[in-house]
Amino acid sequence: MLFNGLSEVGDDPILLVSTMFKASKDPNKVDLGVGVYKDAQGHTAILNSVKKAEQFLVENQETKTYLSPAGNPEFNALAQNMMLGEDHAAVKENRVSTFQTPGGTGGIRIGLEFVKACNANANIWISDPTWPNHTAITKALDLNPKQYRYYDIKRGEFLYQEMLEDLSAAQAGDVVILHGCCHNASGADLSHAQWNELADLMLDKGLVPFVDFAYQGFANGIEEDSYSARLIAKKLPEALIASSCSKNFAMYRDRAGAITLISPSADVHGTNKSHMLKAVRANYSMPPDHGAAVAAHILGNPDLKAEWMTEVDEMRNRVKKMRALFVEKMDKKAPNSGFGYIKEQNGMFSYLTLSAEQIQTLINDHSIFFMANGRVNMAGLTEANIDYVTDAIASLFKS
Ligand SMILES: Cc1ncc(COP(=O)(O)O)c(C=O)c1O
């Protein structure tokens, strides 16, 4: 029988954390696992700007006929603007196109399919550690994943020099996946000077950047966070950028995202576009409409856009506040526990520099659920649970 020979695939570790959290009967249980933003009440609410745009669509949308494989052209233009700005040189040179995709994940998939069309044996350099789907999609396409050192989980240290050293060994034409901001899972980002140095190295060695830009707005602001994407589009002749509306519009389940292709010249751009669209057609024909239509309505309407920007600021600032409060409380409750780095990091994720045993104690004895490798979602902290969490962590440091 065809369907008789498979062996079980283990559960996704992040889903395992969710299952354990749901199953726990401990009234104090805390979920620092799954990667979604939560507000001060621990809810993942729908943004007001999104609700208003949805209402507008209910009242005004006139058809649900098919989109094209490239998706909603208005969304594509606005999403591109949000990343690269209105008058980026590469855009003016007619060698940039943005295609709406089912989430950022769909963008990464289509981007890597395009890479495969260019070179079926391409090496894909992926940071160690990273979001596991980078490796999973690379392997699903039979491309060659390679790792570059990025972050020392146990010491809480960004390995910038090691990253440069490893990428110096890459070959011309190799693709490098970079987190545009809010590195998942370390929270450690490059400074502007480091982005510049890295861009020069990639240019010098003929490497092709693939920026995964899933958290625009969560580090320092929508505009500020676009530094990496704009710089790469300026300095490098060719690049891919996958972007997502899952986090910054809190539209996780609506699957709105994009892949942006930057070709070396306008001459080859049309042919390149045709290969992107071929990949779309063979995967899902065209992206779902709703999320991107909502994002396009918000980005195209100055009042709604201003309201949305304020909501993004609120989400970012709340996570920053929880990071600062966590460090302040740990400094008091367990001086020298060494969590100061958490305040400097960006986005929702950081690793706790704890041993495997200490992590299991927090999960098993205190019902604080997070990844077994130490990754926590700082957005899961609230004023109501932060004392419980920091007391539990501090207890690990008492002999
Ligand atoms: C680093 C990174 N890239 C891409 C994505 C994809 O996001 P989505 O497909 O939900 O838009 C995520 C989601 O968690 C992520 O963390």
Side-chain angles (χ1 to χ4, degrees), residues 12-15 17-18 31-38 44 47 50 71 75 79 82-83 98-113 124-138 140 145 147-148 150-151 175-190 209-219 225 228-229 240-260 280 283-284 287-288 290-292 294-295 312 315-316 319 345-351 370-371 373 375-380:
D12 182 330
I14 194 72
L15 296 183
V17 178
S18 289
D31 181 9
L32 303 181
V34 69
V36 297
Y37 173 79
K38 293 180 191 171
T44 305
L47 301 185
V50 167
F75 169 80
M82 188 173 133
M83 265 182 324
T98 298
F99 307 88
Q100 179 194 333
T101 54
T105 308
I108 295 167
R109 173 80 190 204
I110 295 302
L112 285 178
E113 294 238 10
I124 313 296
W125 290 82
I126 296 170
S127 70
D128 175 23
T130 193
W131 183 55
N133 239 356
H134 289 157
T135 314
I137 297 173
T138 301
Q147 281 194 326
Y148 61 87
Y150 189 83
Y151 189 80
V175 172
V176 184
I177 298 185
L178 299 161
H179 297 230
C181 67
C182 305
H183 183 274
N184 179 2
S186 70
D189 285 342
L190 283 78
F210 189 146
V211 182
D212 180 1
F213 204 20
Y215 295 90
Q216 186 176 3
F218 270 79
D225 293 353
S228 53
L240 288 158
I241 308 171
S243 50
S244 167
C245 301
S246 299
K247 322 283 160 154
N248 49 18
F249 286 85
M251 291 198 294
Y252 305 88
R253 62 172 65 171
D254 287 326
R255 314 308 300 135
I259 181 73
T260 293
V280 169
N283 272 281
Y284 49 82
H290 182 73
V294 168
V312 176
M315 291 193 279
R316 178 184 64 255
V319 182
Q345 295 176 339
N346 287 329
M348 291 196 274
F349 306 113
S350 281
Y351 287 104
F370 58 109
M371 302 283 287
N373 62 10
R375 190 197 84 164
V376 284
N377 177 6
M378 302 303 294

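What you are looking at is a predicted structure, and each value in this text was computed from that prediction instead of being measured. Order of appearance sets the numbers: ligands from 1, and atoms from 1 within every ligand.
Between Tyr150 and His183, a ring centre-to-centre spacing shorter than 6.0 Å is recorded.
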TODO: Given side chain to side chain donor-acceptor pair (under 3.5 Å), test His179 with Ser186 step by step and report yes or no.
DONE: CA-CA 11 Å; His179 297 230; Ser186 70; over 6 Å; no
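With hydrogens and angles left out, the side-chain atoms of Gln345 and Tyr151 include a donor and acceptor closer than 3.5 Å.
Scanning the protein for heavy atoms near atom 8 (P) of ligand 1, the closest one is Ser246 OG, 3.3 Å. The closest protein non-hydrogen atom to atom 13 (C) of ligand 1 is Lys247 NZ, 3.3 Å. With hydrogens left out, the protein atom closest to atom 9 (O) of ligand 1 is Thr105 OG1, 2.5 Å, a heavy atom.
Rounding to the nearest 0.5 Å places OG of Ser244 at 7.0 Å from CZ of Arg255.
Using a 4.0 Å cutoff on heavy atoms, His183 does not count as a contact of ligand 1.
The heavy atom nearest to atom 16 (O) of ligand 1, considering only Tyr215, Tyr252, Phe349, is found in Tyr215.
Across all non-hydrogen atoms, the minimal contact from Trp131 to Asp212 is CE3-OD2, 4.2 Å. Taking every heavy atom of both residues into account, Asn248 and Gln216 meet most closely at ND2-O, 3.0 Å.
Considering backbone and side-chain atoms alike, His179 places every N or O at 3.5 Å or more from each N or O of ligand 1. Considering backbone and side-chain N/O of Asp212, one or more are found under 3.5 Å from N/O of ligand 1.
Per-residue contacts place Arg255 under 4.0 angstrom from the following atoms of ligand 1 (heavy atoms of the residue considered): 8 (P), 9 (O), 10 (O), 11 (O). Interface of Gly104 with ligand 1, defined as ligand atoms under 4.0 Å from a residue heavy atom, comprises 8 (P), 9 (O), 11 (O). Residue Gly103 has at least one heavy-atom neighbour below 4.0 Å for each of these atoms of ligand 1: 9 (O), 11 (O).
Between Phe349 and Tyr215, the ring planes are perpendicular. Angles over 60° get that label, and only those under 30° would be called parallel.
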